[in-house]
Amino acid sequence: MAKDETPTSDDARPWQSYHTVYTNAKAGMDGVDKEKVQRIVYEMSQGSKYFENEERKEAFIRQKIENMRARCAKLSAEDISHFQMVAEKRILELEAARNLSRIWIHVDMDAFYAAVETLSNPSLKGKPMAVGSMSMISTANYEARKFGVRAAMPGFIARKLCPELIFAPTDFKKYNYYSDLTRKVFQKYDPNFMAASLDEAYLDVTEACKEKGITGEEIAEEIRANIFEETGLTCSAGVAANRLLAKVCSDINKPNGQFVLPNNRVAVMTFISSLPIRKIGGIGKVTEHILRDALGINTCEEMLQKGNYICALFSQSTAEFFLSVGLGLGGTDTPEVRLRKSISNERTFSATGDETLLYRKLEELSEMLSADMQKEGLCGRTLTLKLKTVAFELRTRAVSLQKHICSSEDILKHASKLLKAEFPISLRLIGLRISHLNIERDGALLDPTQKTLTNFFVSGDTSSKDVDGQRSFGLDTINFLMNNDNSDSFIGEHETHHTHSDVDDNDNSTLSSIAAQMEKFHNSSSDVTAYKVEGTSCPNSVTNGANFLEAEVGSSMGQRELFLWVNDYKCSLCGIEMPPDFVEERQEHCDFHLAEKLQKEESGSGFRNSTPKHRAEQKDQISSPSQRKKGRMSSKEGRHIPIDVFFVKSNQNF
DNA sequence: GAACGAGTTTTTC
DNA sequence: GCAGCGAAAAACTCGTTC
């Protein structure tokens with residue numbers, strides 16, 4: 001169809017209603033003929049199974065939107081007035097918490113993968129190129145973006161848009177190398193910088209500015225110059241009072257540029273007022289669609305104007321996020337170390353229903369996942385099988401195990417069971433994910449048989465041993481001991497039960513120190529015996545508890561009950577009597593008290609496993625329920641705002 | 001009501 | 001010449017159990 005024709009409906013230009021992500025404004029795509037891109041994407045997709053599935057998803061979202069509109073229409077004047085008050089109150093509270101004292105920089109490498117490829121192959125310079133394959137593109141350089149080619153676009157569509165497009169295969173070894181170089185630069189300006197991905201990072205340069213006596217703008221220039229010097233690559237930067245704004249700012253003068261948003265309220269509000277909501281990290285295609293079509297919200301400012309409807313329709317946490325966006329608020333703290341929650345892999349292949357072939361795929365994935373886990377020293381307890389059918393429908397099937405696993409044999413064994421239950425099925429993708437991870441901070445592999453507290457309650461199994469086949473003290477044990485400041489008691493070896501939260505803040509030196517103190521205590525004599533389970537030697541022997549107070553491990557010092565076998569016979573905590581030769585029973589009994597204690601701790605103080613620094617941070621975060629929520633959100637820079645919450649109420653109507 | 005498991009959805013590059 | 005749309009992580013829901 002000629003460009004100057006003026007059709008009157010979607011029937012004439014059906015691609016207009018096909019919502020792809022490819023027309024979303026991205027750096028370097030300002031001059032792109034979006035309609036042309038949309039038409040080509042539509043034409044190449046139309047009639048495919050993928051397309052049909054996209055239409056199904058789209059229809060579902062439209063249904064949700066209709067539902068929300070209906071609910072809006074049903075709101076009485078009283079309701080609207082009520083929610084207006086709720087919104088105003090919340091806005092005032094958020095406003096009161098505004099922090100303009102920090103200077104954050106978001107650094108984003110320009111077309112990173114493509115730039116690295118060009119660096120190693122200068123003949124690519126000036127030519128449209130993309131990193132990826134015919135099925136999917138990871139990133140495209142700026143020459144390619146002029147044609148509408150962009151990340152997450154299938155290669156065959158990209159080639160249609162730009163027949164001259166050169167493809168380079170992904171090479172993560174190279175990208176990691178250059179990423180490390182950039183991180184060394186970041187480190188100089190903020191030792192606690194937050195890496196968002198290989199090519200992005202957030203830096204709190206407040207202190208660096210003070211030390212150097214220069215502005216955020218000057219620091220950003222310095223960082224960018226340093227990165228170029230170290231890598232030969234350009235990057236862009238955004239400077240603002242919080243991470244959310246800094247991220248938006250870094251995109252403004254891309255590539256090889258920067259934008260500074262002054263740390264004052266007027267500047268922030270002016271900046272945010274006309275900003276399209278899609279520019280905000282965490283607001284994606286679906287959220288944009290819903291806010292626009294259900295509430296007529298297109299800009300951040302409108303989040304505030306429609307605050308009453310936002311409060312009426314969305315869950316509290318989502319409403320709060322949207323109102324924060326309207327105020328230009330974002331994370332200003334340096335979040336505590338975030339440990340990963342899951343690890344996964346998935347592979348797409350030519351659709352098949354051949355069971356032997358599918359099992360083989362599963363075997364490959366199990367081996368890959370196991371290798372990845374062992375590289376990072378992870379074990380997990382929940383295995384999730386992800387399947388994508390020939391019709392692009394997604395299914396997940398999960399199983400939670402009694403033990404943590406990491407071997408490919410274990411993964412395959414359980415994954416096979418899950419897959420078997422789905423046969424007959426024709427698939428184009430299989431994925432495996434392990435969650436409920438058991439993480440040790442120094443990266444060493446934990447004993448895969450060590451169990452979580454939950455497992456303990458479920459199974460009562462006490463058979464775990466360390467890699468040397470010896471029983472060992474886990475960090476839960478240490479925490480337990482920390483919490484029992486009992487200089488007179490003697491505590492022997494016992495079963496270990498780990499939960500990842502229990503190990504959060506124990507570093508090597510701390511643990512060594514604790515172990516040394518335990519050793520000392522172990523060597524001191526006592527007339528009572530506790531936790532006598534097996535007579536194997538252990539490097540983490542128990543030491544005098546008095547010194548534990550000095551250790552940098554979180555503990556609730558208020559609780560100092562004694563746990564021991566009085567006269568080697570009677571439990572000091574509950575009075576139950578158990579002869580010394582009831583080894584297994586005593587083990588289970590000890591574990592019960594340990595678990596009970598840990599559970600109390602878990603539900604009680606949040607400071608249990610924190611270093612003093614983290615305790616202080618956590619204290620700030622938990623000062624109110626709303627702040628708790630905010631803290632959690634800020635730790636991710638609001639990057640991920642699941643849409644589920646939109647439907648908290650509306651779901652009930654389906 | 002808290003905790004947990006299973007499943008789904010969203011976002012990002 | 002033809003067909004053809006990824007991978008990883010997290011957050012949140014609902015339902016169940018205790």
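Reminder, nothing fancy here: chain letters follow the sequence lines and each chain counts from 1. Just so you know, these numbers come straight off a predicted model, no measurement behind them. Note: hydrogens, waters and symmetry copies are ignored here, and every other heavy atom, side chains too, is used.
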Whole-Å gap separating P (B:dT11) and CD (A:Glu200): 16 Å
Matching residue for A:Leu233 among A:Val116, A:Asn256, A:Thr182 - test: side-chain contact (heavy atoms from CB on, under 4.5 Å): A:Val116
A:Met129 backbone acceptor or donor facing A:Asn141 side chain under 3.5 Å: yes
Side chain of A:Arg340 (C-beta onward), nearest among B:dG5, C:dG6, C:dA9: C:dA9
Between P of B:dG5 and CD of A:Gln402, the distance in whole Å: 11 Å
Polar side chain donor-acceptor pair, A:Thr382 to A:Ser400, under 3.5 angstrom: yes
Short side-chain N/O contact from A:Arg381 to OP1 or OP2 of B:dG5, under 4.0 Å: yes
Sugar-phosphate, base or nothing in reach of A:Lys160, heavy atoms under 4.0 Å: nothing
Parallel, tilted or perpendicular, as decided by the 30° and 60° cut-offs, for the rings of A:Tyr202 and A:His106: tilted
A:Lys388 vs C:dG6: side-chain N/O to OP1/OP2 distance below 4.0 Å: yes
Between C:dA3 (P) and A:Phe51 (CZ): distance, integer Å: 17 Å
Spacing between A:Asp251 atom CG and B:dT12 atom P, to the nearest angstrom: 12 Å
Given B:dG5, C:dA7, B:dC13, the nucleotide with the shortest approach to the side chain of A:Ala152: B:dC13
From CA spacing to verdict: side chain to side chain donor-acceptor pair (under 3.5 Å), A:Glu117, A:Tyr175: CA-CA 9 Å; A:Glu117 293 300 334; A:Tyr175 313 145; 2.6 Å; yes
Sugar-phosphate only, base, or nothing, as touched by A:Ser342 at under 4.0 Å among non-hydrogen atoms: sugar-phosphate
Interatomic distance, A:Arg395 CZ vs B:dT8 C1' [rounded to whole Å]: 14 Å
Residue closer to the 5' end of DNA chain C, A:Phe392 versus A:Ile343 (nearest nucleotide): A:Phe392
Nucleotide nearest A:Met134 when distance is taken to its side chain, options C:dG4, C:dG6, B:dG7: C:dG4
Below 4.0 Å: OP1/OP2 of B:dT8 and any side-chain N or O of A:Thr396: yes
Length of the CZ-C1' vector between A:Phe156 and C:dG1, whole Å: 16 Å
Nucleotide of C:dA7, C:dA9, B:dT8 approaching A:Leu429 most closely (side-chain heavy atoms): C:dA7
Sugar-phosphate only, base, or nothing, as touched by A:Arg428 at under 4.0 Å among non-hydrogen atoms: sugar-phosphate
Touch class at under 4.0 angstrom, heavy-atom based, for A:Arg433 against every strand present: base
Which nucleotide in C:dA7, B:dT9, C:dA11 has an atom nearest any side-chain atom of A:Leu394: B:dT9
A:Asp199, nearest nucleotide to its side chain (from C:dG6, B:dC13, B:dG7): B:dC13
Length of the NZ-P vector between A:Lys386 and C:dA8, whole Å: 9 Å
Backbone of A:Ser408 reached by a side-chain donor or acceptor of A:Ser370 within 3.5 Å: yes
Touch class at under 4.0 angstrom, heavy-atom based, for A:Thr348 against every strand present: sugar-phosphate
Per A:Lys341 side chain, nearest of listed nucleotides C:dA7, C:dA11, B:dG7: C:dA11
Cationic N near anionic O, under 4.0 Å, A:Glu54 to A:Lys57: yes
Contact under 4.0 Å: A:Arg347 side-chain N or O vs C:dA8 OP1/OP2: yes
Which nucleotide in C:dA10, B:dA6, B:dT11 has an atom nearest any side-chain atom of A:Thr382: B:dA6
Closest to the A:Ser400 side chain, choosing from B:dT11, B:dA6, C:dG6: B:dA6
Interatomic distance, A:Tyr50 OH vs C:dG4 C1' [rounded to whole Å]: 12 Å
Nearest to side-chain heavy atoms of A:Met44, which nucleotide of B:dA6, B:dC13, C:dG4: C:dG4
